Protein chains: 2
Amino acid sequence: MKSEETTFQTFEIIAFFLNYVLRLEKMTNHTPVTLKFLAEKLKMSVSTVSKALNNYPTINTYTKQRVQEMARELRFTPNKSAINLKERRSCIIGVILPNLLDHFFTRSIYGVEQFATQNGYNVIISQSHDELEKEIQSANMLLKSRVDGLIVAISKQTQDFAHLDQFEQMGIPVVYYTRNPSFNLSCHKVLGNTFQGCYQATQFLIDRGHQKIAYLGGPKMINFTHDRFNGYIHALKDNQLPFSSALVAYTDFDQENTISAIRKLFADPANSPTALVAFKEPILFDALKYLKTSDHPHFDQIESIGFGNNAFISYLDSPPIASVEENPESVGENAIKLLLRLINQEIDMSNHQKVIVDCKLVVHCG
Amino acid sequence: MKSEETTFQTFEIIAFFLNYVLRLEKMTNHTPVTLKFLAEKLKMSVSTVSKALNNYPTINTYTKQRVQEMARELRFTPNKSAINLKERRSCIIGVILPNLLDHFFTRSIYGVEQFATQNGYNVIISQSHDELEKEIQSANMLLKSRVDGLIVAISKQTQDFAHLDQFEQMGIPVVYYTRNPSFNLSCHKVLGNTFQGCYQATQFLIDRGHQKIAYLGGPKMINFTHDRFNGYIHALKDNQLPFSSALVAYTDFDQENTISAIRKLFADPANSPTALVAFKEPILFDALKYLKTSDHPHFDQIESIGFGNNAFISYLDSPPIASVEENPESVGENAIKLLLRLINQEIDMSNHQKVIVDCKLVVHCG
DNA sequence: CAATTAATTGCAAACGGTTTCGCTCTTAAT
DNA sequence: ATTAAGAGCGAAACCGTTTGCAATTAATTG
């Protein structure tokens, strides 16, 4: 009886000290917890420990238990760099986009992030601020980081693609989204159906009785500026409405340029538009603000629609009558899904894909 | 004479073929360009190639030239995983924040990104969407990626910090910014001077003759809600204005709650506030919108100030009279700078630092 | 009891770099 | 002529993990 007790006590004391040592080792974390470290503790080989943690069938169940317990105890975390080196990949997806202050891109990131992390990838976002120089820097940085794939919305300055072509030359798939190389330069792309969005917006205004609908376009460098214009044109045509170049003007994201575009559109008081379709909501807001202050005679009768469906609209006193919702989350989601299939070689890189995401008209007024 | 020409031609032909072979090798990129590959091409040892590329003084200038030229030719890019493994680091900074749709955080990223990339670090951003569960997931993901440092703005649900303490236990420095563990829980932090910001806002309204100034606070879970309240209180006190609990209400980011908070503040028509200081602009916008639709008798005389200085303010018809600019870029910049110093062991991790970034009152009305 | 088979475990190479150390070969100094 | 110094290069270890194969032991079979 007594000896049993003693044995038990001894056991407890040993357990206590073992725990103590373990805790000390946790605290003085100068020796990182590696497989080798675990192996020495357990008096096993590194390979056994590795296999036990990865649940190899050839490893004894009891051994697995011991190893896994110790790993948990010492908070073992496998070194990603080592695994990446071995597996010849980085588990990183690079994203280059113009600006996170633009809610379209911020929302698109949501879709990207979700599916990336679900599949064990990390996402590095890099903003070009619509400058080619920064875009090149970002691209080079991501190339050095050896991303497994790239998702990119090009800057409005980008015309040469050498910095992005590098990736494909190294076998790294690239998916362009939203903003992409114009014309028929072949690449993988995911686009909003900006034609359909603009067509619907114009149709909506026509249905409300408008005859003179102006189109305020964005930077001509951005490819889909023209698609939107085409949507506008086709809607007019399908409704037998005349097209007038006086009703079309272009601007960029600069307020000054928007104002002069609006001045042009409303230059002829006898023939001024009663409705407006705008490339992007911030531009539309600048336009409406200017129109209001410039005391346009029928300002309150002008109905407008922009792309974006910004949450801020509900705070405006004279809000656009509707918005074109571009479903950025869905665009991002489609981009990452396509990229993952390219990475996994489910699709050949040279077999260029094109995915179109429809827009939806959201009506604001009651 | 003739022999010289022949030699020259021969040389050209060789050069041409060499180029051809090199291009072929570039195209069929099945063998990745590694140091070993370069070494074999150049008939040198791997170590010489490595040293030549890293400009070691012990390597002959001519050798360096040859190596660097070949490296450029074959587009050699050192494998980051291999370097990271050797250097025992990842060159990745993790950032956990509630939401990129909040311009404060988006702008703060700008400061972080800039200094991180300048110092050779990549940034992985992870959104918690103000949910503890997601924050824990993000933290674990970043821990697995073995980030070299962490910058975090906690979710409004976070009260337990085990998932973040892990990092420091593994020797990875953590800097809390903006939102941080309340009370005197010791950690590295970079904060906006939210007390001063709120004090100035209140003082500004007092200077404009307001006597009954309401304070619309944010979620009580967010630590600096109280700092702002104190700024408000102190401004009142310093101007010998009475404090009334009827003039204080709290909400979160939910519109419904904001409306009921506003109802409470303006419940007594005889004693309703003439000015309003709000925790954050989106909340203020909700409040103003409700006040306007609820036909408050002196709506147009109510002057208000919120935190944020949102760019959209210029589009509002009845904008706040001023904004508290929180300088998010500067907050982000200070956070990454502190983190880098911790990573470089210029500051001991146990020597907890606190950095305060002042706010600035921006007046909107003419 | 020897021989075969099955169950575990360990060895060692590989991933792609960096870096220490030592070796060879000049060249200058003694 | 001998030695010392120094320039230039290469061998090898190392970072942490995975994995094919060999080695060991135990169990089963003829």
Side-chain angles (χ1 to χ4, degrees), chain A residues 29-68 70-71 74-92 120 143-148 170-171, chain B residues 29-68 70-71 74-92 120 143-148 170-171:
Chain A
N29 49 17
H30 295 295
T31 40
V33 182
T34 65
L35 284 186
K36 194 175 158 194
F37 186 76
L38 287 182
E40 280 164 10
K41 280 264 141 317
L42 292 158
K43 299 197 189 312
M44 298 178 189
S45 76
V46 173
S47 54
T48 307
V49 175
S50 170
K51 287 171 189 165
L53 289 174
N54 290 314
N55 211 24
Y56 267 52
T58 66
I59 300 294
N60 188 308
T61 317
Y62 176 64
T63 311
K64 280 184 194 170
Q65 276 178 15
R66 283 212 309 148
V67 172
Q68 282 164 8
M70 181 67 83
L74 297 182
R75 293 170 177 278
F76 168 76
T77 319
N79 185 317
K80 248 314 190 175
S81 294
I83 295 175
N84 290 341
L85 176 59
K86 192 98 231 298
E87 316 233 321
R88 293 153 152 267
R89 58 191 201 144
S90 64
C91 292
I92 295 177
L143 193 73
K144 269 194 201 124
S145 303
R146 274 194 147 61
V147 292
D148 292 333
M170 289 189 64
Chain B
N29 50 17
H30 296 294
T31 40
V33 182
T34 64
L35 282 189
K36 194 176 158 194
F37 185 75
L38 287 182
E40 281 164 10
K41 280 264 142 309
L42 292 159
K43 304 201 188 307
M44 298 180 188
S45 75
V46 174
S47 50
T48 305
V49 176
S50 170
K51 286 176 200 163
L53 290 173
N54 291 312
N55 211 23
Y56 267 53
T58 65
I59 301 294
N60 188 309
T61 317
Y62 176 65
T63 310
K64 280 183 193 170
Q65 276 178 15
R66 284 212 308 147
V67 172
Q68 282 164 8
M70 180 69 82
L74 298 181
R75 295 170 177 276
F76 168 76
T77 319
N79 186 318
K80 219 36 175 122
S81 294
I83 297 176
N84 290 341
L85 177 59
K86 188 94 229 287
E87 315 234 319
R88 291 152 155 268
R89 60 196 199 137
S90 64
C91 291
I92 295 177
L143 193 72
K144 270 194 201 128
S145 302
R146 275 194 146 62
V147 292
D148 293 333
M170 288 189 65

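Each chain gets a letter, A, B and so on, in the order the sequences are listed, and its residues count up from 1. Just so we're clear, the structure is a prediction, and the values are computed from it rather than from any experiment.
Side-chain atoms of Lys86(A) come within donor-acceptor range of the base of dT18(D), with a qualifying N/O pair under 3.5 Å. Remark: the Ser47(A) side chain and the dC11(C) base include a donor-acceptor N/O pair separated by less than 3.5 Å.
In this structure, Asn84(B) reaches neither bases nor backbone, as no heavy-atom distance under 4.0 Å exists between it and the strands shown. Within 4.0 Å (heavy atoms only), Phe76(B) reaches sugar-phosphate atoms of the nucleic acid but no base atom. Counting non-hydrogen atoms under 4.0 angstrom, Ser81(B) reaches nothing in the nucleic acid.
When the nucleotides dG16(D), dT19(C), dG10(C) are ranked by their closest atom to the side chain of Pro32(A), dG16(D) comes out on top. The side chain of Lys51(A) approaches dG20(D) more closely than any other nucleotide in the set dG20(D), dC15(C), dG10(D). Counting only heavy atoms from C-beta on, Asn79(A) has its side chain closest to dT17(D) among dG10(C), dC9(D), dT17(D).
Nearest-nucleotide mapping onto DNA chain D: of Thr58(B) and Ala82(B), the residue sitting toward the 5' end is Thr58(B).
Rounded to an integer number of Å, the gap from Arg88(A) CZ to dT18(D) P is 16 Å. Protein atom CG of Leu35(A) is 13 Å distant from nucleotide atom P of dG10(C), rounded to whole Å. Atom NZ in Lys64(B) sits roughly 9 Å away from atom P in dG8(D) (whole-Å rounding). The CG-P distance, from Leu85(A) to dT17(D), rounds to 12 Å in whole Å. Per the geometry, CD1 belonging to Ile59(A) stands 14 Å off P belonging to dA7(C), to the nearest Å. Per the geometry, CD1 belonging to Ile83(A) stands 16 Å off C1' belonging to dG16(C), to the nearest Å. Look at CG on Asn54(A): it is 10 Å from C1' on dT19(D), rounded to the nearest Å. dG16(C) atom C1' lies 13 Å from atom CD of Glu87(B), rounded to whole Å.
For Asn60(B) and dA7(D), the shortest distance from a side-chain N or O to OP1 or OP2 is not below 4.0 Å. Between Thr48(B) and dC9(D) there is no side-chain polar atom (N or O) within less than 4.0 angstrom of OP1 or OP2. When the side-chain nitrogen and oxygen atoms of Ser50(B) are compared with OP1 and OP2 of dG17(C), none of them lie within a distance under 4.0 Å.
With contacts defined as side-chain heavy-atom distances shorter than 4.5 Å, the pair Ile59(A)/Val67(A) does not qualify. You'll find the side chain of Lys80(B) stays beyond 4.5 Å of the side chain of Ser90(A), heavy atoms only. With a 4.5 Å cut-off on side-chain heavy atoms, Asn79(A) and Thr34(A) do not count as touching.
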Q: Go through Asn84(B) and Arg146(B) one step at a time and tell me if the side chain to side chain contact (heavy atoms under 4.5 Å, CB included) criterion holds.
A: CA-CA 10 Å; Asn84(B) 290 341; Arg146(B) 275 194 146 62; over 6 Å; no
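Taking a 6.0 Å sphere around NZ of Lys64(A), one finds it holds more than 12 heavy atoms contributed by other residues, nucleotides or ligands.
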